[in-house]
Structures are given as C-alpha cells and as structure tokens.
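Presented below is the structure to which this report refers.
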Amino acid sequence: MLEQLGLIGTLRDEDQSPEEPDSDSDPEEQPIVLNRKKKFGSQTRSAKDFNTEFEFAERDGTPNDDWVMADVLKQLKNRKTRTTLDQKIDKIRKKRKAEEKSAQTEAAGGSAEKMEDEDEEEDTKPAAEELDDDDDDDKEEEEEDEDEDEFDSGDEEILTKSDTLRDKERRGRKRKSGEEAPESFYEDASQYDDKLTFDEMNLSRPILKAVTALGFKQPTPIQKACIPIGLLGRDLCACAATGTGKTAAFILPVLERLVYKPRTMQVTRVLVLVPTRELGIQVHSVARQLAQFTSITTCLTVGGLDLKSQEAALRAGPDVLIATPGRLIDHLHNTPSFELTHIEILILDEADRMLDEYFEEQMKEIIRLCSYNRQTMLFSATMTEEVKDLAAVSLKQPIRIFVNSNTDVAPYLRQEFVRIRPNREGDREAVVAALLTRTFQDHVMCFTQTRKQAHRLHILLGLMGLKVGELHGELSQNQRLENLRRFKDEQIDILVATDVAARGLDIDGVKTVINFTMPSTVKHYVHRVGRTARAGRSGRSVSLVGESERKMLKDVVKSAKNSVKARVLPPDVILKFRDLITKLEKDVEAVVKLEREERELAASEAKLSVAQKRLDGSASCDSQRVWFQTQQERKQSRVSKALQEFDLALRGKKKREKFMKENKKKDLTPEERAQFEILKAQMFAERAAKRERKPKRARAMPEEEAPHTVNKKERKGGKKSVFDKELTNTSSKALKHYRAGPSFTDRKRLGLDRKRPGGSRFKKK
Ligand SMILES: Nc1ncnc2c1ncn2[C@@H]1O[C@H](COP(=O)(O)OP(=O)(O)OP(=O)(O)O)[C@@H](O)[C@H]1O
C-alpha cells in the first residue's frame, strides 16, 4: 500500500521499508495513541513533556469569561449586513431542492421505461444526495457507516522511521541550537522545580484566588519555570509548546509585581503586545480574569474596536495595556497624554511573529518609545533567529527558558497526512469535504492559505449542509468575532480560517485541525496544528500534502516525536465528492452573485447617504487622524511588498510565471485553485528564507549597549550605522544637540560624569 502511495521513499530513506500500521481498530472508538511505545494515559506519559501527576486538563468547572466578552462587544462598530452568508447559502440550497423536487415530479409523470432508466442513473450517482440532503433515510446512513468502518479500519499506514533515529537527529539539533545560543548572552533556566505549586510561588491572595477561580490546580511546566523568574524582574525569552499555558506564565508575575508595588501615579505600567486582534481579546480576557480580585486595571487596544472608547480608557492610565502594534501606534500619535514612558514591563506574546519583518517598523517605533529601564519578556512556541536577534538588542542579561524545542508540536497531538497524488491537485476540496462529512464532523478548524479559498470552502461546505463559519482578514471585526463565538458556542462545527487564526487562539474542545494545503513554514505548521491538543488534551491534525509540499512534510516528520500517519481515502469516495463539487459549482456561483449584488447595493446606498448628508450640510468634518504610516502609504508599501514577493517567487521559475499569468484572469479549475494555494505558501516560504539570509536590521537601543550584536557584514557593508546617520544628519535640532554634547539622562545612562565639560549650557548672566 505504501509503495503504491510512494510516500516513504521520498519522505525518508529510499531503502527504508515502511512499518506496519499499529492498529487495525477504528481510531474513532479508541483513545488516540500518540506514541506507539507510550500508551495514552497519565501512567505512561513522557516525564519530559509533563509531570505524571500533573492534571492539566482537569479544572474545577469551566471558567466563564462572558462578562469580559460583553465589555469587548460593546466596543464593536455595528455594521450589519442585510443577510449573512449562511442565509444566502440556505436560500440557494432551498432553491435547488425545490428545482430537484419539481424535476422529480415531472419525471414521475413520464413513461415506465423512462423511470427505469432514471433509477439506474440514480444508482450511479455519487453520495451526493446522501450527503447534502438533511433528510437522509436510515438505509443511506447505514451505508455511510459501513463505508466509514471500511475506511477507518484498514487504510492508515505509518510513515515514520523508528523513534531512535529521530532521537539521534534531535540530539544533533539540540547540540546545534546550543551553539546558536551562546551562554555569554543567555543564562539558561530551562530546568525548573518540578514540584513547585502555585501556593509556593509567593503569589498574593487575590491572585491565588483568581487562579483557583479559573480552575488551575497546578502550574504547567512553563509556568513553573517562568513565574519565579518573572517575579524577580528579570528579562526572559521563553519557549514552550502550544497550549501549555504561556499566557498565565507571563500574566501572573506581572499582576503580582503590580500588587506588590502599588502605583504612585495613574499611568500605564505594563504593555502586552500581540499580533492579532482576536488574540488580544483573549489575552485581555485572561488578564482580567486573573486580576478580578485585585484593583489592577486593564485595557484592550486592538484594531477593529471603537477608537473613542479606547482613547477614553487609555487616558485613565490603566495598569496593564494589551494591544496590537498598529492600533497602539495610532493611539500614540493621536491620543493626547498617552505615552509609554512609564512602561515597567513589556511583553511580546508570539514574540517571533512580533519581531518579524511584518511588524518591524512598528515594533522599532514602539520599543523606542518605551522606557529603557523596563523588564522585557518574550514568549512563543516557535522561538527563532529573529527573536534572538532582537533579544540581543533589547533584553538585559536575559534568561532563556526553553521547556520545549521550537519545532515541538503539542504533546498529545496525533499528526496525519493525506497524500494528494500528482495531477490530482483538484482533489483537495473533495478530500476535505469527505473528511468533514464522514470522519471529522465537529470541532474542526480547517486552514487555507488564502482568504478566497477560505470563503469558497465555507460556501461549498455550507451547500453540502455542513455548519461552517470562516475567519480571515477580509471580514469585518463583527463578522470575525461572531464567527469565532459561534464556533466556540458549538453553533457551527467547522471554522475555515487563514493563518490569522493560527496563533495563540485557545478555543475549547477543538478536536481536529485540517490543513487544506501545507503552510509555508514548519513554524506556521506548529501554530496551526497547535489549535488542538491543548491543555493536556489530545487532538488530531490532518494535512493534505501534494508533490510540491513533500519537503515540508519531510521537515515535519523529522521533528515529530510521535509517529506520523498517512490517512488514505478510498478513491471512489474522493470521486463521489469530486462529482458532487462539480454539481455544486453552479450554486457556488449563485451564492457569490447574491453576495456581489448585496455589496453593490450597499455601496450605492452609502454613496447616496453621503450625498444626502452633503446636501443637508451635515457631512462630518472630523479632523483627520495622524497615521504612523498614512492609509495610502501603508497601502502603497503593501502593494510594493507584494510585488517584490511576487517577483522573488517567480524569479527564474518560468513555470510559475506562466501559470500565474495564464490563470490570473480566467476562472480557476479545482487543480489551478489548489496550485494557486500552494504557490502562495511557497512564495511566503521563499520570502521567509530570504529574510533569514538578510542581515537583521531591528535595533532597539544604541549600538554601544549591545556590542556583541553588531553584525560584521553591516559594519563592512554599505549599510549605514546609527553613527553614520548621526554624522550626516544636518538638521538644526541635530546640530544643536551635537554642539551641546550628551544630555543629562544620556550621561547618567552611559555612566559619564553628569556635568558637561564646559559647564552648564545656560550660564547665569
Ligand atoms: N495551570 C493550568 N492548569 C490548567 N489549565 C491551564 C493552566 N494554565 C493554563 N491553562 C489553560 O491552558 C489553555 C492553554 O493556555 P494558553 O492559551 O496560555 O496556551 P499557550 O501556551 O499560550 O498556547 P499558544 O502557544 O497556542 O499561544 C488555556 O485554556 C488555559 O486556560
């Protein structure tokens, strides 16, 4: 079977024969076995990953954060659409059903001979009607179940080589990564007191009370390692697998320090930066819940929520501010009296993302505005070079806490792959539809590379009668939060999302993550699949892997600690779903048309209302906000960045160029659509690789304070240093500054004599 699949050969070693499947039984009925040697259960869990006595998943009831969410929802702008996408999908489905019914009645009126013919046709029809019709009869359901058994019991194969080999590779890698992190810079504190309890952490009563209210019985390893160090006020750089409680690991010491050292002024003392709005809302919710029995105030400042109420909240000087970079900078420029000079603690959640190219300019600006004498803490499940680079310039004697390696997936995750055969790229939608209708019916997150594909999958699966929602950057904030809420509340079974939902989101009970295409990097993969198997629970990921994505699969297999499996769908099932999708294509178009019409109507209504207001003389003449980058500039820089990426991805790759050119204008076939998704991921990966090779530019403090970070290439090369810039800056302000020499604060900071050589600048007359 595996040879037929040809998976092992290219994945690992040509000569290596595949191992036998470990189980013939139905995986749905059995607890998921993640490691063939270690059976699932507390007795045999790897001591490395978790303490055997540690009951992560057990809590005293589910904490309720509705009260926190209610406050957030108040900040939403109420932009209503006429009808939701689901209503449109429903409308088209009903229309189609009615058409089918009338066709059937017409056919029933025909001759007996004709009827026989049609019956035969029905038999050859795919699971189509069985699948998309809610009123399936029992017989059909039975057939489905049989299919399911057949599929589940025999079709899984093990892909990976023995664990020993992987261990060897890991040891090799560890040694390597040890070399990458010179001890001179990082003090390593990855070892922690495994027996430490919350009570022994010197946390004050109101905080311990909140910990209990959240149902946390014991700290997780990353919490045991980070909380004591965070409390000491030390800078740290922490890495632990997804879903292992990093949020509380940084919130708890922060709150304790605020309780211990009460405020003397009404100023913001803690800043937590996150990459996405939803993550901001989530972190804010955790912070509020953990601070609920203290007088500590928190504030959320993320895009998509009401600016005015955020401004008012910021002016009050909340103790803890949780923000996304863009919105924060907007406030820094436009909210009078709001500044970061009093920030005592800066936290970057998803630090590698916060410090990558995308946020580079904004982060430089923010770090520059923060007080220098602060504690800085970096957290992520995937700490990388960029982090080390910025850590080198903005952390002071940092402590490195790596509870997991940066490619480790969640400990109880079972990883599976479905091979997409060459020239069968167009099967992806069919495979996903088959998986979602037959095997993974609820609590599923499905990731796509593009918003367009996410939207299409939503429509397609919706037309098949599944309860689906989507989450990506093209939706309004209302829609994003509403879809997330519906998924959390189990009103929808499947959430189709782009990478905007890949990091940090903690959605209770996600059982399965499906990757429509492999993400662009292993890092992205780790975060995507990290939406399941959280807080000590088990979960499963299923990734569709085509020819061009094998390299990525190979990387994932290499870093996997547990066996990685190949899931095989019977070809006839795929065929049936493919036919079904072809049949539904018209309906997809009809839904898209409804959407377009509604959009056009809304646009012309908006124009009308603006014109009306102008006529009435009531058009708003609000003063324009000042942008860090104006909307136009941001747009321009995005376009030029996209062009650069595109250029980079196509350079020397004629095939791609041809493909992109040919397919830009016409409607894409399923194959082309899938190919486009993969290309997008590849382009992203290439850009990331290029970035890796590029000398890093982020400099958060003067060079002399981080001498070991000065890049040799930069010194030699044409790149201008801060020094060069200073020499060539001839603005009157700069000249005055140089004539006067270092300021009092600079002298103090650099340990120079506090008095200027020539006495005071302002001599008494
Ligand atoms: N000590 C604890 N005991 C039980 N549950 C906990 C504990 N600490 C955190 N949790 C729960 O674990 C889940 C995951 O936590 P969190 O979202 O902080 O993970 P994370 O490590 O930040 O993940 P990611 O890398 O995906 O951002 C949350 O539901 C949280 O409430």
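What you see below is based on every heavy atom in this structure, not just the backbone, and it leaves out hydrogens, waters and symmetry mates. Start at 1 and go down the list; that is how both ligands and their atoms are numbered. The first residue of the sequence shown is numbered 1, and numbering continues consecutively from there.
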With a 4.0 Å cut-off on heavy atoms, is F379 in contact with ligand 1?
no
Quick one: closest heavy-atom pair of Q289 and A210, and the distance?
O-CB, 3.6 Å
Check this for me: does any side-chain nitrogen of one of R414 and E416 sit under 4.0 Å from a carboxylate oxygen of the other?
yes
Does the residue G243 have a heavy-atom contact with ligand 1, meaning some pair of atoms that are separated by less than 4.0 Å?
yes
Below 4.0 Å from any atom of ligand 1, is there a heavy atom belonging to G215?
no
Within a distance under 4.0 Å of any heavy atom of A241, pick out the atoms of ligand 1 and give their elements.
21 (O)
May I ask you to say whether D352 pairs ionically with K523, meaning some side-chain N is under 4.0 Å from a carboxylate O?
yes
Ring-plane angle category for Y525 and F417, please: parallel below 30°, perpendicular beyond 60°, tilted otherwise.
parallel
Tell me whether R400 forms a cation-pi arrangement with F402, defined as NZ or CZ under 6.0 Å from the six-membered ring centre and within 45 degrees of its axis.
yes
Mark yes or no for whether R531, through its side chain, and A502, through its backbone, hold a donor-acceptor pair below 3.5 Å.
yes
Contact with ligand 1 for R531, non-hydrogen, under 4.0 angstrom:
yes
Non-hydrogen atom of E350 closer than 4.0 Å to ligand 1
yes
Any idea which part of T242 is under 4.0 Å from ligand 1, heavy-atom wise: side chain, backbone, both or neither?
both
Numbering as shown, the atoms of ligand 1 that approach T220 to under 4.0 Å (heavy-atom distance):
1 (N), 2 (C), 7 (C), 8 (N)
Taking all non-hydrogen atoms of both residues, which atom of D349 and which atom of L279 are closest, and how far apart?
OD2-CD2, 4.0 Å
Below 3.5 Å, N or O to N or O, backbone or side chain included: is there any such pair between G245 and ligand 1?
yes
Among R534, K246, Q282, whose heavy atom sits nearest atom 25 (O) of ligand 1?
K246
Using a strict 4.0 Å cut-off to heavy atoms of A535, name the atoms of ligand 1 that fall inside it.
12 (O), 13 (C)
T247 to ligand 1: N or O pair under 3.5 Å?
yes
Are R486 and D489 close enough for a salt bridge, meaning some N to O gap below 4.0 Å?
no
Verify, without hydrogens or angle tests, whether R327 (side chain) and L305 (backbone) share a donor-acceptor contact under 3.5 angstrom.
yes
Counting heavy atoms only, which part of F250 comes closer than 4.0 Å to ligand 1: side chain, backbone, both or neither?
neither
Note: ligand 1 atoms sitting under 4.0 Å from heavy atoms of Q218 are 1 (N), 2 (C), 3 (N)
